[in-house]
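The residues of the chain are indexed from 1 along the displayed sequence.
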Amino acid sequence: MTTRMNRRGFLATTGAAAGALSFLGPKALHAQDGGTLRFGLSTYPPSLDAWASNGTAAGTIKLMIHRGLLGYGPDGTLRGELAESWDVDDDGAWVFTLRDATWHDGTPVTSEDIAWNVLEAQKPDSAAYLQGQLAAITSVETPDEKTVRMVTDEPLAVLPGWFAHFNMPMIKKGEARDTTMGSGPFLYGSADRGVSISLSAWDGYYKDERPKVAGVEAIVYADENLRVAALEAGDVDLIEYVPWQAMDQIEANDALALQATDGPFMYLTFNASRPPFDNPKVRQAVAHAIKREDIAAAAFYGRGGALEHLPIAEGSEFYNLELANSWAYDPEKAQALLAEAGYPDGFDCVMLSTAQYGMHQSTAEVCQAYLSMIGINVQLDLPEWSSRVKKGNEGSYDLAVMGTAAMNNDPDGLATVLDGSLSPSFVRSHGMETPEISELFARGRATFDTEERRAIYKELEEIAIDTVPIVGLSWRSQGYAMRANAEGFTVMPGQLVFYSGMTLEETVLG
């Protein structure tokens with residue numbers, strides 16, 4: 001009984017307390033009167049594979065057409081979506097109770113659909129973003145059409161968060177992974193590849209009076225300056241990836257509004273399958289070679305900050321002050337580490353980034369300059385985003401600039417960028433085994449006690465600082481901007497910023 005109370009305490013403190021969401025009253029005729037929201041995307045989604053990671057633009061489209069078992073409210077609190085409640089039973093299994101919801105084809109969402117999603121995504125060759133985590137689920141039981149019971153060998157405190165991730169939406173059993181038929185608030189309509197995607201409100205959505213617009217026209221403006229100009233001219237109502245150099249002018253424009261949050265971060269990944277970055281001393285040298293304040297200034301116009309440790313925010317209860325400057329700028333130490341590693345004269349290498357986003361290119365250029373000062377001669381590879389993702393997944397680089405947010409605001413959310421036991425992904429270093437880190441993540445997931453988890457993640461951070469699976473570079477402010485007549489869209493806090501597309505169901509045009 002005591003263990004069960006601890007689990008409930010964990011749920012309460014993380015905002016994950018199970019509870020039904022009630023949506024009462026008749027459906028309003030909102031779709032006919034809400035107008036079409038024009039959303040300026042930064043890139044055309046390279047894929048709409050439901051379970052793969054293909055960047056924020058793809059995630060935003062998926063958040064319109066799909067829903068997961070759980071999701072996040074505008075304040076970042078975990079909430080029910082296809083599941084109206086969830087809890088741990090006396091045997092330690094997570095039990096999800098489904099609400100009355102239907103797929104876009106009108107058929108009901110059932111427990112068999114959910115079980116199929118889990119079993120397919122957890123297959124070793126699935127390439128699902130969360131395949132490694134889902135492998136911990138040993139069986140999925142469906143005692144009736146509304147109940148899903150997930151059994152694990154060990155307690156898993158963080159399991160509900162996996163099913164709130166926008167790369168783990170539920171799709172109908174048997175559908176292709178890139179299906180555009182989901183259970184979300186919008187119906188996928190038409191697409192002009194590379195240019196735009198049209199979606200319309202779905203009146204069968206399980207939340208009454210949502211969505212509140214008749215549709216969304218997602219229009220690609222790959223050039224960030226043109227994206228801002230389109231917003232200022234009224235050609236679009238809302239844009240993602242507000243360039244940092246434009247934030248001041250947007251804030252000064254009474255016709256526009258800026259919403260931004262800190263949480264996303266820039267970092268370096270390595271190809272550890274071959275020299276020289278298979279050597280942790282070389283990775284340590286890189287960590288100490290770069291003056292991060294220059295990245296914050298060049299890439300983010302001061303709307304960022306140095307990141308000399310793992311990306312655990314200062315306001316987090318898991319923040320470790322004594323580790324905050326562990327990768328501080330120290331070129332003499334960097335050169336000494338290179339010499340210890342057998343590279344006293346440095347070496348040549350290729351750094352993968354992209355020219356599609358100014359922040360990525362600027363970050364790469366600053367890193368290139370500082371690495372040259374310790375003898376590492378970097379050639380930049382700056383393809384467009386979809387090619388950058390492909391090369392990252394394949395390991396076609398020596399080291400790479402990456403920017404993302406963690407899976408959620410819990411330290412376990414960093415597993416997607418740190419845990420080398422997970423399937424290959426462009427967000428992680430390539431070919432890098434992290435046995436101690438993987439084991440500590442597993443221990444952290446298996447306990448509901450906050451103090452124990454603090455100790456576990458501190459040990460994990462200490463090992464990461466020494467083995468360098470990534471190099472933290474800079475925090476960044478991440479912004480969306482909108483015209484004053486677009487209300488209800490909310491930028492979610494911290495690491496959840498890229499889930500903000502969930503609030504498109506709440507957005508109205510005045």
May I ask you to say whether E322 pairs ionically with K458, meaning some side-chain N is under 4.0 Å from a carboxylate O?
-> yes
How about F166 and H66: are their ring centres within less than 6.0 Å of each other?
-> no
Do R483 and D237 meet the salt-bridge criterion of a basic N to acidic O distance under 4.0 Å?
-> no
Which atom of T152 lies closest to which atom of E154, heavy atoms considered = OG1-O, 2.6 Å
Under the side-chain contact (heavy atoms from CB on, under 4.5 Å) criterion, do Y267 and T404 qualify, and how do the steps go?
-> CA-CA 8 Å; Y267 61 106; T404 192; 3.5 Å; yes
Give me the ring orientation class for F300 and W244: parallel if the planes are under 30° apart, tilted from 30 to 60°, perpendicular past 60°.
-> perpendicular
Do the non-hydrogen side-chain atoms of Y129 and V427 ever get within less than 4.5 Å of each other?
-> yes
Return yes if a side-chain donor-acceptor contact under 3.5 Å exists between W94 and D89, otherwise no.
-> no
Full working for ring-ring contact (aromatic ring centres under 6.0 Å, His included) between Y370 and Y329 = CA-CA 10 Å; Y370 275 102; Y329 177 57; 5.5 Å; yes
With a 4.5 Å heavy-atom cut-off, do T363 and Q361 have their side chains touching?
-> no
Only one of V401, V468, I470 clears side-chain contact (heavy atoms from CB on, under 4.5 Å) with L268; which?
-> V401
Taking side chain as C-beta onward, heavy atoms only, is S42 less than 4.5 Å from R227?
-> yes
Using the ring of each side chain (for Trp, its six-membered ring), is F489 parallel, tilted or perpendicular to Y480, with breaks at 30° and 60°?
-> tilted
Is L399 close to V471 at the side-chain level, that is, under 4.5 Å between some pair of heavy atoms?
-> no
From T180, D49, N54, N167, residue fulfilling side chain to side chain donor-acceptor pair (under 3.5 Å) relative to K62 = N167
Check whether any side-chain heavy atom of M432 lies under 4.5 Å from a side-chain heavy atom of P280, and answer yes or no.
-> no
Is there a side-chain contact between Y457 and L440, using heavy atoms and a 4.5 Å cut-off?
-> no
Relative to the ring of Y72, is the ring of Y499 parallel (under 30°), tilted (30 to 60°) or perpendicular (over 60°)?
-> perpendicular
What's the verdict on ring-ring contact (aromatic ring centres under 6.0 Å, His included) for Y241 and Y357, showing C-alpha distance, side-chain angles and the deciding distance?
-> CA-CA 9 Å; Y241 276 101; Y357 297 109; 5.0 Å; yes
May I ask you to check whether H430 and F270 place their ring centres under 6.0 Å from each other?
-> no
Side chain S126, main chain A121, donor-acceptor under 3.5 Å = yes
Is the centre of the F186 ring less than 6.0 Å from the centre of the W202 ring?
-> no
Check whether any side-chain heavy atom of E81 lies under 4.5 Å from a side-chain heavy atom of L70, and answer yes or no.
-> no
Minimum heavy-atom distance M168-L134, with the two atoms named | SD-CD1, 3.7 Å
Below 4.5 Å, heavy atoms only, C-beta onward: do H360 and M266 meet side chain to side chain?
-> yes
S386 versus E384, side-chain donor and acceptor atoms under 3.5 Å = yes
